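To start, the structure under review is shown below, and the notes come after it.
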Amino acid sequence: MQRLRTIAQWRDYAQRQRDAGRSVGLVPTMGALHAGHTSLFDEAKSRGDVVLVTIFVNPRQFGDPTDLGNYPRTPEVDHRLALQHGVDCLVEPTLEEMWPDYPQSTSTTVTVHGVGDLLEGAGRPGHFDGVASVVAKLFAVSGACRAYFGEKDYQQIAVVRQMVRDLALPVEVVGCPIVRDHDGLALSSRNLLLSEPARDQARALSRALFRVTDSNLYASEMRRVMRALMQDAGVQVAYADVVDPVTLVPARDDQGGEFRALVAGIVDGIRLIDNAPVFVSPRRD
Ligand code: AMP
């Protein structure tokens, strides 16, 4: 496994793969790797891509400096997991290379309006600007590639797909299913920050989603059920919504069919998100 730190080496590595007729599979991460991340490495590998993983804790997508300071970092585990899962190249770019002006803001920011303004975008102003800007840079350096993202961050995929479409970037975005713990909790690097009781409360997010999955409810009933279940467990609910799976526009009660339920909540000061596909029944009265 190659380990690179500079943009020049990384750009050159990706170009050499393409020159040799190999396809590049990019997996952007912020480290503190777990089985959710490695499922993306495995998917990229299974499609025959040269797997290029980036680890960069991007300060521009954190609104809260405490959240950034507390973000878990597990470099030894990351290295071991990358090796075990056949990652070909692990890139850990420095902050100086990624954002040379930091902590000043850069002059260039990528903003994805519409899908980026809703849900997480509304609750965390600037978050998706940080995400879109860093992903645009990862794509610019990596060049033509397939890029693998987890549905755990469902809205993030929608934002990235919109950006790729609007800017005609030479990237195929591949969404991969959510990996969960045995108790249903979606794997997340932030789970490392949860105390035992908080982890128990956190399970309410997936329980809320599973409760409505095959419930035959209409959209606003689903929202009510999910919110109540999370609140009863002591979760501070940021949102519990049912939306169009592509545009993320909230479902109306007279609509039925395949939608996406998304929840976000704060447990013990840690913000967690989760989502699942749901089949919504239209309201009949
Ligand atoms: P992060 O390191 O949290 O920025 O995540 C890097 C990538 O891994 C993103 O595309 C995430 O959506 C994905 N990911 C994180 N957790 C999971 C999970 N539990 N299942 C599937 N993908 C995940």
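Whatever order the structure lists ligands and atoms in, that order sets their numbers, starting from 1. Note that this is a predicted model, so its numbers are computed, not measured.
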N or O pair under 3.5 Å between I178 and ligand 1: no
Checking heavy-atom distances from atom 14 (N) of ligand 1 to each of Q156, R190, K152, the winner is K152
Give the residue, atom name and distance (to 0.1 Å) of the protein heavy atom nearest atom 4 (O) of ligand 1. M30 CG, 3.6 Å
Specify the protein heavy atom at minimum distance from atom 5 (O) of ligand 1: its residue, its atom name, and the distance to 0.1 Å. H37 NE2, 3.4 Å
Hey, is A32 one of the residues with a heavy atom under 4.0 angstrom from ligand 1? no
Geometric N/O contact C176 with ligand 1, under 3.5 angstrom: no
Under a 3.5 Å cutoff, is there a donor and acceptor pairing between the side chains of D253 and S220? yes
In ligand 1, the atoms that come under 4.0 Å of a heavy atom of H34 are 15 (C), 16 (N), 17 (C)
Report yes or no: does P177 have a heavy atom closer than 4.0 Å to ligand 1? yes
Which residues pass the salt bridge (charged side-chain N to carboxylate O under 4.0 Å, His left out) test with R11, sequence neighbours left out? none
Nearest-neighbour protein heavy atom for atom 3 (O) of ligand 1, which is reported as residue plus atom name and distance: Y71 OH, 3.8 Å
With no hydrogens and no angle check, just 3.5 Å: does a side-chain donor-acceptor pair link T6 and Q9? yes
Any idea which protein heavy atom is nearest atom 12 (O) of ligand 1, and the distance to it? D153 OD2, 2.7 Å
